[in-house]
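One structure below.
First the proteins, then the strands, lettered A, B, ... as listed; each starts at 1.
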Protein chains: 2
Amino acid sequence: MTKRVTFKPYDITIEVPEGENLLRAALEAGVHINASCGGEGVCGKCKILWESGDLESVQGSLLSDDEWHQGYRQACQSRVLADVVVRIPPESLLDRRTLTRRRKGVGLRPSPIDLEALKDAGLYNPAFKKRFVRLEPATLSDNICDLTRLEEGLAYQHALDSITLDFFLLRKLSQVMRQENFRVTATLDFSRRRYRSPHLLNVEPGDTTERHFALAIDIGTTTVWLQLLDLAHGEILGTAADYNGQLMYGDDVITRIIFSQKEDGSERLQKAVAATINQIMHRLLKQHNLTVDEISHITLAANTTMTHLFFGIDPKYIRLAPYTPTACSIPLARARDLGLEVPEHVFIYSFSSVSSYVGGDIVAGVLASGIYKDPKLTLYIDIGTNGEIVIGNQQWLACAACSAGPAFEGGGIRFGMRATSGAIEEVSINPDTHEPMLLTIGMVKPKGICGSGLINLLAALMEADLVGPNGRFRDDLPTPRIRLGAEGREYVLAYASETQIGQDITLSEADIDNLMRAKGAMFAGYLTLLENVGLRLQDVEQVILAGAFGNFINIDNAIVIGLLPDLPREQFQFVGNGSLMGATLLAFSRDLLGEERRVASMMTNFELSETPGFMNQYIAALFLPHTQKEYFPSVFQRLRTQKGQIIRGGG
Amino acid sequence: MTKRVTFKPYDITIEVPEGENLLRAALEAGVHINASCGGEGVCGKCKILWESGDLESVQGSLLSDDEWHQGYRQACQSRVLADVVVRIPPESLLDRRTLTRRRKGVGLRPSPIDLEALKDAGLYNPAFKKRFVRLEPATLSDNICDLTRLEEGLAYQHALDSITLDFFLLRKLSQVMRQENFRVTATLDFSRRRYRSPHLLNVEPGDTTERHFALAIDIGTTTVWLQLLDLAHGEILGTAADYNGQLMYGDDVITRIIFSQKEDGSERLQKAVAATINQIMHRLLKQHNLTVDEISHITLAANTTMTHLFFGIDPKYIRLAPYTPTACSIPLARARDLGLEVPEHVFIYSFSSVSSYVGGDIVAGVLASGIYKDPKLTLYIDIGTNGEIVIGNQQWLACAACSAGPAFEGGGIRFGMRATSGAIEEVSINPDTHEPMLLTIGMVKPKGICGSGLINLLAALMEADLVGPNGRFRDDLPTPRIRLGAEGREYVLAYASETQIGQDITLSEADIDNLMRAKGAMFAGYLTLLENVGLRLQDVEQVILAGAFGNFINIDNAIVIGLLPDLPREQFQFVGNGSLMGATLLAFSRDLLGEERRVASMMTNFELSETPGFMNQYIAALFLPHTQKEYFPSVFQRLRTQKGQIIRGGG
């Protein structure tokens with residue numbers, strides 16, 4: 001159930017889920033309300049006036065009874081239970097155009113690459129199928145071995161011949177066949193061999209064709225995602241995630257690779273991620289009243305390093321020049337051999353990588369988003385420690401990894417942090433008062449700033465004209481928010497008393513330099529790839545943003561700081577976790593399973609550091625948004641206008 | 001170096017290896033010398049007169065100085081160091097025809113099915129080959145993954161494409177490739193896929209093409225045999241054996257199957273035989289200064305139950321009617337998954353079985369002996385607890401298992417024992433005095449009688465006319481050696497004081513009944529199979545005896561008791577351990593590896609208990625040698641003659 005929230009005086013109405021927090025709704029609608037405690041309700045700044053509708057609010061100690069009766073509410077302490085109308089008090093009013101921008105920025109379209117789309121495209125055809133067979137019980141005059149009896153049943157009843165199998169299955173075969181008087185269900189893998197000669201994965205007593213499940217796994221450097229799939233009915237039953245247990249050995253792929261070279265390092269990393277998967281898997285199965293015995297196979301996507309570490313393959317040379325992975329394609333592997341607590345018959349189908357830094361996660365995203373068969377020129381972007389880029393269409397695909405550095409994951413930024421509770425994710429700055437409006441994840445007092453928050457913060461600082469194109473703070477403003485710190489000038493987002501960490505949370509010029517380097521590497525990457533195939537930025541017809549981080553990015557703000565290209569907003573599209581989606585679709589489609597390696601081999605890898613022109617492009621991109629205005633026409637247009645037309649609100 | 005021994009007064013000369021024991025030489029030559037302590041030298045009966053040549057003898061306490069100076073020596077305490085002439089003293093002289101018989105019986109031809117024959121037949125072509133490749137080291141402008149680099153090397157330098165591999169290999173690939181600067185040797189399995197698309201098993205640094213080894217294994221119910229094979233030079237490097245560690249859980253397949261049904265039973269049996277293999281393997285490798293890392297694969301042959309138990313497959317229904325194995329063909333299995341202490345890349349190629357009681361050991365023997373492509377009608381016999389029979393030629397093969405019972409392995413016989421130290425293996429009986437001449441394994445005091453000893457003993461009793469065709473002892477002879485015991489009449493082979501066990505060692509009429517049932521089942525088996533394909537015994541053109549036991553069998557004696565058919569002796573041939581030989585040849589020949597399943601499927605299995613005519617044949621065979629004299633013309637001829645013509649020796 002969605003409810004409508006109307007913000008006066010702008011008459012901006014948006015739909016939000018019932019129960020949505022009002023401060024979040026305002027941010028979503030692009031309506032500025034002062035706020036600095038991140039949504040915990042302790043700064044008392046985010047007051048609004050309630051006009052009508054069912055708004056559930058807590059009074060707390062920061063609103064006087066008088067204010068309460070006048071209709072004042074703290075936005076962060078209010079939940080939308082019905083269609084409501086609220087009014088932003090004059091003290092919080094802000095430039096209207098900012099709203100427009102934000103509203104445009106909201107324009108996310110649902111991902112076109114999901115299970116329904118797969119079915120519509122006629123690609124729904126799992127490579128794993130169950131077949132029920134009714135066999136004649138053995139007699140003295142017909143005492144062929146159990147396996148031959150089963151094979152003959154599959155041949156006569158399902159026209160399947162020359163099936164293969166693994167010896168493990170024989171360990172239970174005779175019992176299983178007799179459990180329901182020689183009525184059994186065979187689980188068959190049609191992906192490995194000719195269609196009529198599948199690989200026999202499992203045998204179960206009786207008719208279990210209605211119960212057939214699989215797992216899709218995305219191993220991210222930070223987070224591991226699992227999806228539980230119902231192959232009998234073509235449904236995604238559930239999704240669950242947890243932090244990658246390898247985090248205790250290092251935050252990024254480089255520190256993990258270094259750790260892997262220590263004694264037992266590789267083994268410990270392998271066990272850590274296997275343990276994470278086991279834990280998520282058991283939780284997910286329990287939620288759906290399933291056991292591991294009903295899982296027929298696993299599909300997996302991960303970046304090259306995560307893939308190496310999960311399979312226990314030495315990743316040493318991924319890190320050392322000339323950056324060679326051991327293998328880009330991983331053969332089928334028995335999940336048990338990798339420490340997963342599943343039966344012997346469960347194999348893992350792993351996405352191929354392209355190179356050391358363009359991994360199976362990207363190939364999965366490319367497969368899932370279908371750009372390898374799309375005539376439109378597409379730019380596919382996954383922003384993380386290493387931003388990966390793919391450009392191309394149905395005829396060719398070029399890809400590269402940009403060593404963006406960990407800035408967008410909060411690394412190298414003094415108060416940077418992961419996108420967890422207390423991370424500032426939404427920021428707006430009043431251009432007159434220079435006061436911030438903050439919203440944190442979990443609506444608690446801030447602890448730091450996450451990646452998407454940094455993008456939003458930097459854009460807000462630019463739009464409020466506090467930071468110039470060179471990434472330096474203005475020094476002529478009468479605000480205590482800008483001050484000289486240990487690392488150059490800095491902006492104070494929250495004072496110590498308003499935070500969880502007991503110190504001022506700031507963004508310094510050194511932090512901004514890091515952010516510029518990160519976004520500069522990405523932007524130089526797009527241009528370099530395009531240049532190398534003789535195309536220009538304007539030729540790009542669609543931009544797909546992938547990755548959990550990509551999901552939370554504000555496109556307008558990312559364009560403002562020069563991270564994303566300044567293209568029409570309707571060309572942008574989020575696909576969410578393209579890696580997980582790719583793994584899931586692989587389980588549901590034999591056709592895609594067959595295309596996986598082809599897509600990987602279609603993707604030509606560019607080592608940017610070795611590609612002519614990249615360094616020049618990179619240096620040119622170390623400005624906000626860029627040294628060359630023609631790349632960012634709408635941004636320059638807006639920044640210019642913004643300085644003239646401001647609807648002023650109070651401090 | 002062989003030496004000649006001439007026995008007077010017969011003027012029989014045989015060649016023996018230098019250092020051969022004189023009592024064994026006499027038995028070999030078919031010369032009777034009284035002896036009852038099995039060769040340990042404590043009965044003092046086996047005296048001979050030394051005439052010339054270098055005979056190394058120990059005087060001991062049983063020869064007076066006077067006797068010593070006359071030239072008397074104890075045969076069992078004498079070793080042949082040069083050509084010697086000895087004389088059998090009158091007290092030991094025996095029927096001359098017995099000698100003739102024995103000498104004929106010696107006529108073993110070397111097995112025609114060995115490695116040299118394989119090479120001569122153009123079948124020497126191991127499916128496993130090593131290929132050296134010299135790769136270009138990776139550079140920034142050529143930083144494809146290590147696996148692709150190797151694949152391209154194999155493609156360009158050896159015309160091999162689309163190779164497959166297992167993910168385990170990737171775990172060491174990057175290190176191995178860099179160890180000798182991208183010069184590596186690939187071990188390839190050409191048996192699984194098309195010739196140009198082999199499976200990549202292993203990669204080693206540098207050029208190791210001259211070092212390439214494999215193991216062949218025969219898992220017998222009692223004994224496990226291993227052969228170490230040099231695939232680079234086509235040689236058998238060594239053979240070693242030990243008792244199957246499963247013996248502690250039961251002597252025969254039936255007791256093992258029963259044990260497997262207990263909790264952890266199957267697992268304990270699996271581990272026991274794996275431990276046996278590991279132990280033999282490590283010993284064998286050490287003898288040849290090799291490590292397990294140089295083994296590329298394992299070939300295996302075993303009976304159906306041993307195969308099930310080794311692979312951890314439930315053998316329950318092998319024992320229960322209608323006697324179905326779980327599987328007759330075992331897919332390729334990773335040796336590590338079965339507890340063998342070899343690297344991950346070592347797979348096991350296991351012979352297919354035909355039925356519950358005609359196993360991979362028999363198929364291996366059929367393959368090794370080449371009868372499946374021989375135009376001659378061949379009878380292939382493996383005598384053990386379950387005697388297995390194969391009859392046929394290049395066009396058809398019929399096979400059956402005869403539930404012979406364990407008599408020939410010493411089971412069900414009061415003093416029966418395995419063929420180990422102290423087992424009486426050679427017996428001769430003086431037809432006048434009824435005194436025995438015994439030789440034991442290891443030449444120590446007797447503990448019991450082994451299978452081949454039982455055949456020899458029964459034949460000796462028949463030839464000395466102590467036992468009639470019905471298996472009953474004569475009760476009219478003035479000898480204390482025949483007496484009434486707890487189980488009917490019995491013959492005393494050795495008195496308590498002459499044995500290791502402190503009691504008289506005897507053979508009773510109950511024991512003879514068991515032996516008759518065992519040999520009767522075998523003989524009825526041959527006749528039934530032949531009848532069912534419309535042939536007669538006389539149509540058989542060659543008889544192949546397989547099995548360790550078969551190797552020690554005295555063909556003449558086995559014919560005398562009716563165990564083997566009475567065919568011309570030159571038609572008989574020993575192949576020794578056909579199972580081990582089959583496993584070895586499989587490793588050396590891709591052609592045979594490809595034929596293995598075809599041969600198994602060529603073999604039509606007969607369940608004798610379900611085959612018309614078998615019971616009648618069986619009952620007719622419960623005589624010595626048989627109720628129908630026409631089956632044993634030469635035996636009846638000899639037994640008749642024997643009673644008339646006897647050269648008498650002293651008591």
Side-chain angles (χ1 to χ4, degrees), chain A residues 137-151 164-175 177-178 200 266 304 308 311-318 321-334 336-338 344 348 350 353-356 601 605 607 609-610, chain B residues 137-151 164-175 177-178 200 266 304 308 311-318 321-334 336-338 344 348 350 352-356 605 607 609-610:
Chain A
T139 62
L140 266 175
S141 57
D142 170 25
N143 64 353
I144 51 170
C145 71
D146 294 341
L147 177 59
T148 302
R149 186 173 304 277
L150 174 62
E151 285 171 337
T164 53
L165 73 160
D166 294 305
F167 86 92
F168 289 108
L169 186 55
L170 299 175
R171 290 187 167 175
K172 66 174 182 179
L173 185 64
S174 64
Q175 293 300 339
M177 283 177 66
R178 283 159 183 81
L200 177 63
S266 181
T304 310
H308 276 56
F311 285 96
I313 301 167
D314 188 1
K316 180 175 176 182
Y317 300 98
I318 288 178
Y323 317 114
T324 53
T326 296
C328 282
S329 285
I330 310 290
L332 271 191
R334 191 181 303 279
R336 281 263 279 254
D337 289 337
L338 295 158
E344 296 286 7
I348 298 182
S350 177
S353 300
V354 175
S355 63
S356 277
S601 64
N605 185 59
E607 288 292 334
S609 61
E610 296 297 299
Chain B
T139 62
L140 266 175
S141 57
D142 170 25
N143 64 354
I144 52 170
C145 71
D146 295 340
L147 177 60
T148 303
R149 185 173 305 276
L150 174 62
E151 285 171 337
T164 54
L165 74 160
D166 295 305
F167 87 91
F168 289 109
L169 186 55
L170 299 175
R171 290 187 166 174
K172 66 173 181 179
L173 185 64
S174 64
Q175 293 299 339
M177 282 177 65
R178 283 160 184 81
L200 177 63
S266 181
T304 311
H308 276 55
F311 285 96
I313 300 167
D314 187 1
K316 180 174 175 182
Y317 301 98
I318 287 178
Y323 317 114
T324 53
T326 296
C328 282
S329 285
I330 310 290
L332 270 191
R334 190 181 303 280
R336 280 263 278 255
D337 288 338
L338 294 158
E344 295 286 4
I348 298 182
S350 176
S352 296
S353 300
V354 175
S355 64
S356 276
N605 185 59
E607 288 292 334
S609 61
E610 297 298 297

Can you sort out the partners of Thr148(A) under side chain to side chain contact (heavy atoms under 4.5 Å, CB included), two or more places apart, ordered by chain and number? Ile144(A), Cys145(A), Glu151(A), Glu152(A)
Please flag which part of Thr326(A) lies under 4.5 Å from any non-hydrogen atom of chain B: side chain, backbone, both or neither. both
So how far is it from Asn605(B) CG to Asn143(A) CG, rounded to the nearest 0.5 Å? 7.0 Å
Below 4.5 Å, heavy-atom pairs only: which of Asp314(B), Thr139(B), Leu140(B) has the largest tally toward chain A? Leu140(B)
By a 4.5 Å heavy-atom criterion (distance strictly below it), what part of Asp166(B) contacts chain A: side chain, backbone, both, or neither? backbone
Might you point out which heavy atoms bring Gln175(B) and Tyr317(A) nearest each other, and give the distance in Å? OE1-OH, 3.8 Å
State, to 0.1 Å, how close Ala138(A) and Thr324(B) come at their nearest heavy-atom pair, and which atoms those are. CB-CG2, 3.7 Å
Most chain B-contacting option - heavy-atom pairs closer than 4.5 Å, from Lys316(A), Arg178(A), His308(A): Arg178(A)
Selection from Thr304(A), Leu147(A), Leu170(A), Val354(A) maximising heavy-atom pairs under 4.5 Å formed with chain B: Leu170(A)
Partners passing side chain to side chain contact (heavy atoms under 4.5 Å, CB included) against Ser356(A) (at least two apart in sequence or in another chain): Ile318(A), Tyr323(A), Pro325(A)
Need one label for Ser329(B): side chain, backbone, both or neither, based on atoms under 4.5 Å from any heavy atom in chain A. backbone
If you tally heavy-atom pairs under 4.5 Å against chain A, which of Pro137(B), Gly312(B), Ser141(B) wins? Gly312(B)
Between Leu165(B) and Pro331(A), is there a side-chain heavy-atom distance shorter than 4.5 Å? yes
Walk me through it: do Phe167(B) and Leu338(A) pass the test side-chain contact (heavy atoms from CB on, under 4.5 Å)? CA-CA 10 Å; Phe167(B) 87 91; Leu338(A) 295 158; 3.6 Å; yes
Heavy-atom proximity to chain A below 4.5 Å, by part of Asp337(B): both
